[in-house]
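Computed from a predicted structure; not experimentally measured. One-based numbering along the sequence shown.
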Amino acid sequence: MSADTNNPPTVPAGIPLLDEMARLPKASDPELIIITGMSGAGRTRASMALEDLDWYVVDNLPPALLPALAGMMTADGQGVHRLGAVVDVRSREFFHDLEDVLAKLNSDSVSYRVIFLDADEGALVRRYESNRRPHPLQEDGRILDGIRRERKVLAPLRARADEIIDTTNMSVHDLTRHMRKIVAADSDTRLKLTVMSFGFKYGIPLDADHVVDVRFLANPYWVSELRHLTGRDEPVAKYVLSQPGAKDFAINYAKLLAPMIRGYVDELKPFVTIAVGCTGGKHRSVAITELIASTLRDEGFPVRVIHRDLGRE
């Protein structure tokens, strides 16, 4: 279906100050973010950043469905608490509904923010040429014709947006960082760090980012009174960690990783798994895992400990 250039979609030029203040989210409110802006400016990447932060995101939503979608949100966190909707000119004639829809959200006291993605004409043209897709308002003209038509249509919405992001000189990673800065609570951006013990005889964990081999330590398995215990039991832990260099190795290894782990957060890698292996995954690796995890907690990281192969025969 071709765009109606004689009657282009319209959006609200502005709303009264009291309404503007009323629609901004409070800390305890469910959150609705409307992502919009120029085609090719990064709406998809912005929506992916929300999804990575555990938002429920709907792309290319007809504006008329926004109130119903907002009705899914709950304040108790049991349902959808954070909702993102990508609304733009791809919805064609349905985009006419946006003005009335935003007014209804205001009248229903739905808190929302509008994030507008933009870029200069040169950047948008290059992006469209690289992906070889037509602009949604291009019709039979040039890419630039569609871009300029879209910019005119979206000008009122851009003027009332809560946040305008110019992606002209941004990489996809820059945009993701910026979105996180806008919407993420501290708990969203904290690293999910797992330290896992395992036995080499059962295979290296597939999702391990770092693997350390502690088979250089004497094996408690060959001590009859320790064989039936695990590295979580004090006699085994004492046996393993009292060996020359064992304790220093675990502590120094954790401290060596600390700056690298902090870098993962900056580079948008939120999940990190450190795997510590011995032969069977029951004695040496378990004791060393516990000490590495304790040291990383002292460094300020939230750490989850998994002993993968405890309980295996």
Side-chain angles (χ1 to χ4, degrees), residues 1-25 29-51 55-73 80 82-119 124 134-139 145-167 175 179 182-183:
M1 184 179 297
S2 63
D4 186 349
T5 55
N6 293 324
N7 296 289
T10 58
V11 292
I15 55 178
L17 179 59
L18 290 178
D19 286 344
E20 181 78 20
M21 295 177 63
R23 69 181 177 83
L24 294 176
D29 287 342
E31 297 180 75
L32 169 62
I33 285 182
I34 300 171
I35 297 175
T36 188
M38 298 294 293
S39 301
R43 295 182 312 240
T44 298
R45 176 60 58 173
S47 67
M48 290 169 63
L50 290 186
E51 287 183 334
W55 286 60
Y56 186 93
V57 179
V58 180
D59 191 13
N60 197 13
L61 183 75
L65 298 182
L66 262 175
L69 201 61
M72 297 169 52
M73 295 192 297
V80 176
R82 300 187 295 183
L83 176 64
V86 182
V87 179
D88 52 68
V89 297
R90 287 176 296 170
S91 57
R92 303 297 176 129
E93 66 269 17
F94 297 112
F95 201 72
H96 286 290
D97 300 329
L98 186 57
E99 181 175 0
D100 292 338
V101 167
L102 294 181
K104 178 171 176 52
L105 292 176
N106 290 328
S107 66
D108 291 344
S109 299
V110 176
S111 299
Y112 66 90
R113 286 184 284 170
V114 176
I115 296 180
F116 190 99
L117 281 295
D118 203 351
L124 295 176
H135 189 281
L137 298 185
Q138 182 175 341
E139 297 185 323
D145 295 330
I147 291 171
R148 289 173 177 172
R149 193 174 293 128
E150 182 181 32
R151 192 175 296 283
K152 182 176 180 180
V153 167
L154 295 179
L157 183 57
R158 188 184 192 280
R160 54 80 50 81
D162 298 291
E163 184 82 25
I164 298 172
I165 305 176
D166 186 343
T167 67
L175 176 55
M179 286 296 297
I182 293 172
V183 306

Do the side chains of Leu69 and Leu83 get nearer than 4.5 Å, heavy atoms only? yes
Is a donor from one side chain sitting under 3.5 angstrom from an acceptor on the other, for Ser111 and Glu31? no
Quick one: are Asn60 and Asp88 in side-chain contact, heavy atoms under 4.5 Å? yes
Just wondering, do Ile34 and Leu61 contact through their side chains at under 4.5 Å, heavy atoms? no
Side-chain donor/acceptor of Arg43 to backbone N/O of Gly37, under 3.5 Å: yes
Among Thr36, Leu102, Val87, exactly one meets side-chain contact (heavy atoms from CB on, under 4.5 Å) together with Pro63. Which residue is that? Val87
With side-chain contact (heavy atoms from CB on, under 4.5 Å) as the test, would you mind laying out the steps for Ile182 and Ile33 before giving the verdict? CA-CA 11 Å; Ile182 293 172; Ile33 285 182; 5.6 Å; no
Please assess Val183 against Trp55 for the test side-chain contact (heavy atoms from CB on, under 4.5 Å), listing each intermediate value before the final yes or no. CA-CA 10 Å; Val183 306; Trp55 286 60; 4.2 Å; yes
Answer yes or no: is there a side-chain heavy-atom contact under 4.5 Å between Arg82 and Leu50? no
Would you call Lys104 and Asp100 a salt bridge, using N to O less than 4.0 angstrom? no
Do Ser39 and Leu124 have side chains that get closer than 4.5 Å, going by heavy atoms? no
Check whether any side-chain heavy atom of His135 sits under 4.5 Å from a side-chain heavy atom of Glu150, and report yes or no. yes
For Tyr112 and Asp162, does a side-chain donor sit closer than 3.5 Å to a side-chain acceptor? no
Do Arg90 and Asp59 have side chains that get closer than 4.5 Å, going by heavy atoms? yes
